[in-house]
Amino acid sequence: MDVTAIGEILIDLTQTGVNEAGVPQFSANPGGAPANVAVAAARLGAKTAFLGKVGSDAFGAYLRRVLADNGVDSRGLRSGDLFTSMAIVSVDETGERSFRFVRGADRELPPEGVDEDEVLGSKILHFGSVSLTAGLSRNATIFAARTAHRRGGLVSYDPNYRAALWKSQEEASEWMTIPLPLVDILKASEEELPLLTGVSDLEEGTRILEERGVSLIMITLGSEGCFCRWRGESWRQPGVPVKVADTNGAGDTFLGAVLSRLCLRGEAPLEGLTRAELEDILTFANRAAALTCSRSGAIPAMPRLSDICPTT
């Protein structure tokens with residue numbers, strides 16, 4: 001296996017409008033950042049798997065089918081008595097969106113529900129910070145990351161901050177930084193960098209992360225591309241201009257693209273990686289993210305390898 005992702009998979013209930021009576025209408029879309037990364041990497045040619053938990057309900061069955069349809073190994077997706085988790089996205093009269101989470105099964109993946117062989121059999125173990133918020137899944141996620149790290153596998157981390165899931169910003173910062181000693185590859189947004197380092201300056205913040213042991217650091221900058229630090233060097237990798245339809249899932253596509261390209265380098269994806277190679281990988285990832293932004297939806301908008309490399 002190239003990439004195994006662990007964490008939340010859920011339903012994004014997104015408001016699409018109102019009916020004639022003024023009642024809000026919603027669309028049930030597949031979501032969850034780690035699941036998105038697994039799908040993005042699979043669509044771009046990587047062999048991926050997902051570890052998580054859904055409810056024994058129609059939404060859970062649908063999400064399992066989405067993974068299978070996109071080539072993601074879902075044998076590690078457990079089912080339980082709690083309902084499948086949801087993120088509810090509402091839109092007010094001005095077009096502003098608000099998010100509310102209804103947490104269920106995704107919080108309750110126990111450590112014993114993690115297949116160690118699947119973790120150890122992957123080149124890269126990926127996780128995000130949503131599964132660190134509370135519940136058994138916090139322990140399962142840390143267990144998986146420690147297992148991969150201890151056996152020499154690479155660990156990828158996206159500290160995707162969702163304020164509504166934490167009691168305070170201080171609590172979020174504390175838990176988001178706890179896994180850093182286990183992490184080799186990190187993708188964060190500009191807004192998340194201060195939560196990890198206490199500073200917002202890209203140069204200084206990424207230097208602090210490198211000092212803490214993170215090898216490859218990528219800070220996404222929206223349409224401007226990304227800021228990267230690798231082996232003491234730092235630079236900006238330009239983005240790809242695109243007419244934006246929807247930015248949902250762009251960051252997950254970017255990271256999935258990076259991981260998929262790294263895995264092509266063999267069993268030790270970071271070993272001997274040069275800046276020139278990495279610049280090519282980041283350019284590929286920026287193109288993939290731009291394509292996602294040009295379409296509506298997250299998983300439905302994610303490109304396949306033939307969209308980026310037509311002759312492949």
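The first residue of the sequence shown is numbered 1, and numbering continues consecutively from there.
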Item to check | Leu216 side, atom CG; Leu278 side, atom CG - distance, nearest 0.5 Å | outcome: 5.5 Å

Next on the checklist: As a quick check of understanding, evaluate side-chain contact (heavy atoms from CB on, under 4.5 Å) for Arg150 and Leu182, giving each step before the final call.
Outcome noted: CA-CA 9 Å; Arg150 187 173 64 248; Leu182 307 174; over 6 Å; no

Checklist outcome for this item: In terms of heavy-atom contacts, Asn139 and Pro111 come closest through CB-CG, 3.7 Å

Checklist entry - At what distance, to the nearest 0.5 angstrom, does CH2 of Trp230 lie from CG of Leu273? => result 5.0 Å

Checklist entry - Do any N or O atoms from the side chain of Arg107 and from the backbone of Leu136 form a donor-acceptor pair under 3.5 angstrom? => result no

Checklist outcome for this item: Grouping ILVMFWY residues whenever side-chain heavy atoms fall under 4.5 Å, the cluster of Val23 otherwise contains none

Item to check | Validation row: Arg236, Cys228 side chains within 4.5 angstrom (heavy atoms) | outcome: no

Checklist entry - Salt bridge or not for Glu210 and Arg207, using N-O below 4.0 Å? => result no

Item to check | Minimum heavy-atom distance Val72-Ala38, with the two atoms named | outcome: CG2-O, 3.8 Å

Next on the checklist: Using a 3.5 Å distance criterion without hydrogens, assess whether the side chain of Ser56 forms a donor-acceptor pair with backbone atoms of Gly80.
Outcome noted: yes

Checklist entry - Does the side chain of Trp235 pick up a donor-acceptor pair with the side chain of Glu233 at under 3.5 Å? => result no

Next on the checklist: Just verifying a value: how many Å separate Ile9 CD1 and Phe50 CZ, rounded to the nearest 0.5 Å?
Outcome noted: 5.0 Å

Checklist entry - Where the side chain of Asp307 meets the backbone of Arg304, is there a donor-acceptor pair that is under 3.5 Å apart? => result yes

Next on the checklist: If you apply the rule side-chain hydrogen bond (donor to acceptor under 3.5 Å, both in side chains), what do you find for Thr84 with Asp57, and how did you get there?
Outcome noted: CA-CA 7 Å; Thr84 298; Asp57 49 33; 2.7 Å; yes

Next on the checklist: Membership question, hydrophobic clusters at under 4.5 Å side-chain separation (ILVMFWY): are Leu51 and Val3 in the same one?
Outcome noted: no

Checklist outcome for this item: In short, Pro300 meets Arg43 closest at the heavy-atom pair O-NH1, 3.9 Å

Checklist entry - What distance do Asp69 atom CG and Ser74 atom OG have between them, rounded to the nearest 0.5 Å? => result 10.0 Å

Item to check | Connected hydrophobic set around Leu120, excluding itself, where side chains approach under 4.5 Å | outcome: none

Next on the checklist: Quick one: does any side-chain atom of Thr147 pair with a main-chain N or O of Phe143 as donor and acceptor, under 3.5 Å?
Outcome noted: yes

Next on the checklist: If you count every heavy atom of other residues, nucleotides or ligands that lies below 6.0 Å from Glu271 atom CD, does the total exceed 12?
Outcome noted: no

Next on the checklist: Ignoring hydrogens, what is the shortest heavy-atom contact between Ser137 and Glu108? Give both atom names and the distance.
Outcome noted: OG-N, 3.4 Å

Checklist entry - Are Val183 and Leu255 connected, step by step, through hydrophobic side chains (Ile, Leu, Val, Met, Phe, Trp, Tyr) whose heavy atoms are closer than 4.5 Å? => result no

Checklist entry - Which heavy atom in Ser260 sits nearest to a heavy atom in Ala41, and how many Å separate them? => result CB-O, 3.9 Å

Next on the checklist: Once salt bridge (Lys or Arg N to Asp or Glu O under 4.0 Å) is applied, do any residues pair with Arg265, and if so which ones, sequence neighbours excluded?
Outcome noted: Glu277

Next on the checklist: Counting only heavy atoms from other residues, nucleotides and ligands, does the tally under 6.0 Å from CD of Glu267 exceed 12?
Outcome noted: no

Checklist entry - Considering only heavy atoms from C-beta outward, does the side chain of Asp2 approach that of Leu264 to under 4.5 Å? => result no

Next on the checklist: Is there a path of hydrophobic side-chain contacts, each under 4.5 Å between heavy atoms of I/L/V/M/F/W/Y residues, joining Leu186 to Leu270?
Outcome noted: no

Checklist entry - Is the closest side-chain heavy-atom distance between Ser156 and Leu125 below 4.5 Å? => result no

Item to check | More than 12 heavy atoms of other groups within 6.0 Å of Arg146 CZ | outcome: no

Checklist outcome for this item: Residue set satisfying side-chain hydrogen bond (donor to acceptor under 3.5 Å, both in side chains) with Ser189, at least two apart, ordered chain then number -> Glu191, Glu192

Checklist entry - For the residue pair Asp184 and Leu154, what are the closest heavy atoms and their distance? => result OD2-CA, 3.3 Å

Item to check | Within-4.5 Å side-chain heavy-atom neighbours: Tyr62 and Ile11 | outcome: yes

Checklist entry - Do Val155 and Ile124 come close enough that some side-chain heavy atom pair is under 4.5 Å? => result no

Checklist entry - What's the verdict on side-chain contact (heavy atoms from CB on, under 4.5 Å) for Gln237 and Phe227, showing C-alpha distance, side-chain angles and the deciding distance? => result CA-CA 6 Å; Gln237 195 72 28; Phe227 183 92; over 6 Å; no

Checklist entry - Is it true that the side chains of Arg103 and Thr133 contain a donor and an acceptor less than 3.5 Å apart? => result yes

Next on the checklist: Check whether Arg229 reaches the backbone of Glu203 with its side chain - one donor and one acceptor, N or O, closer than 3.5 Å.
Outcome noted: yes

Next on the checklist: Between Val214 and Ile178, is there shared hydrophobic-cluster membership here, with clusters defined by ILVMFWY side-chain heavy atoms closer than 4.5 Å?
Outcome noted: yes

Next on the checklist: What verdict does the side-chain contact (heavy atoms from CB on, under 4.5 Å) test give for Phe59 and Met86, after you've listed the backbone C-alpha separation in whole Å, the side-chain angles of each residue and the deciding distance to 0.1 Å?
Outcome noted: CA-CA 9 Å; Phe59 279 154; Met86 294 180 286; 4.0 Å; yes

Checklist entry - Any side-chain heavy atom of Phe254 sitting closer than 4.5 Å to one from Thr220? => result yes

Checklist entry - Would you say Ile185 and Met218 make side-chain contact, with heavy atoms under 4.5 Å? => result yes

Checklist entry - Hey, is the main chain of Cys263 close enough, under 3.5 Å, to the side chain of Lys123 for a donor-acceptor pair? => result yes

Next on the checklist: List the residues meeting ring pair (Phe, Tyr, Trp, His ring centres under 6.0 Å) with Tyr157, not counting sequence neighbours, and say none if there are none.
Outcome noted: Phe127

Checklist entry - Hey, what do you get for CD1 (Ile219) to CD1 (Ile217), rounding to the nearest 0.5 Å? => result 7.0 Å

Item to check | Other residues, nucleotides, ligands: >12 heavy atoms within 6.0 Å of Glu224 CD | outcome: no

Item to check | Evaluation steps, side-chain hydrogen bond (donor to acceptor under 3.5 Å, both in side chains), between Asp252 and Asn36 | outcome: CA-CA 6 Å; Asp252 299 327; Asn36 288 347; 2.9 Å; yes

Item to check | Side-chain (Arg138) to main-chain (Leu132) donor-acceptor, under 3.5 angstrom | outcome: yes

Next on the checklist: Could you check whether any side-chain heavy atom of Thr4 comes within less than 4.5 Å of a side-chain heavy atom of Thr48, counting everything from C-beta outward?
Outcome noted: no

Next on the checklist: Show me the pairs that pass salt bridge (Lys or Arg N to Asp or Glu O under 4.0 Å) and involve residues 155-173, at least two apart or across chains.
Outcome noted: Asp158-Lys187

Next on the checklist: Under the criterion side-chain contact (heavy atoms from CB on, under 4.5 Å), I'd like the reasoning laid out for Asp106 against Ser131: C-alpha separation, chi angles, the key distance, then a yes or no.
Outcome noted: CA-CA 8 Å; Asp106 85 284; Ser131 55; 5.8 Å; no

Item to check | Gap between atom CG of Asn29 and atom CG of Asp12 - 0.5 Å precision | outcome: 6.5 Å

Checklist entry - Around Asp81, counting heavy atoms of other residues, nucleotides and ligands shown, do more than 12 lie under 6.0 Å from its CG? => result no

Next on the checklist: For Glu190 and Ser200: C-alpha separation, side-chain torsions, deciding distance, then whether side-chain hydrogen bond (donor to acceptor under 3.5 Å, both in side chains) applies.
Outcome noted: CA-CA 7 Å; Glu190 284 186 277; Ser200 56; over 6 Å; no

Next on the checklist: Cation-pi check for Phe284 against Arg261: NZ or CZ below 6.0 Å from the six-membered ring centre and within 45 degrees of the axis, yes or no?
Outcome noted: yes

Checklist entry - Taking a hydrophobic cluster as the set of Ile, Leu, Val, Met, Phe, Trp and Tyr residues connected by side-chain heavy atoms closer than 4.5 Å, whether directly or through intermediates, do Leu180 and Ile6 fall within one such cluster? => result yes

Next on the checklist: Testing the 3.5 Å rule here: is there a donor-acceptor pair between the side chains of Ser85 and Glu8?
Outcome noted: no

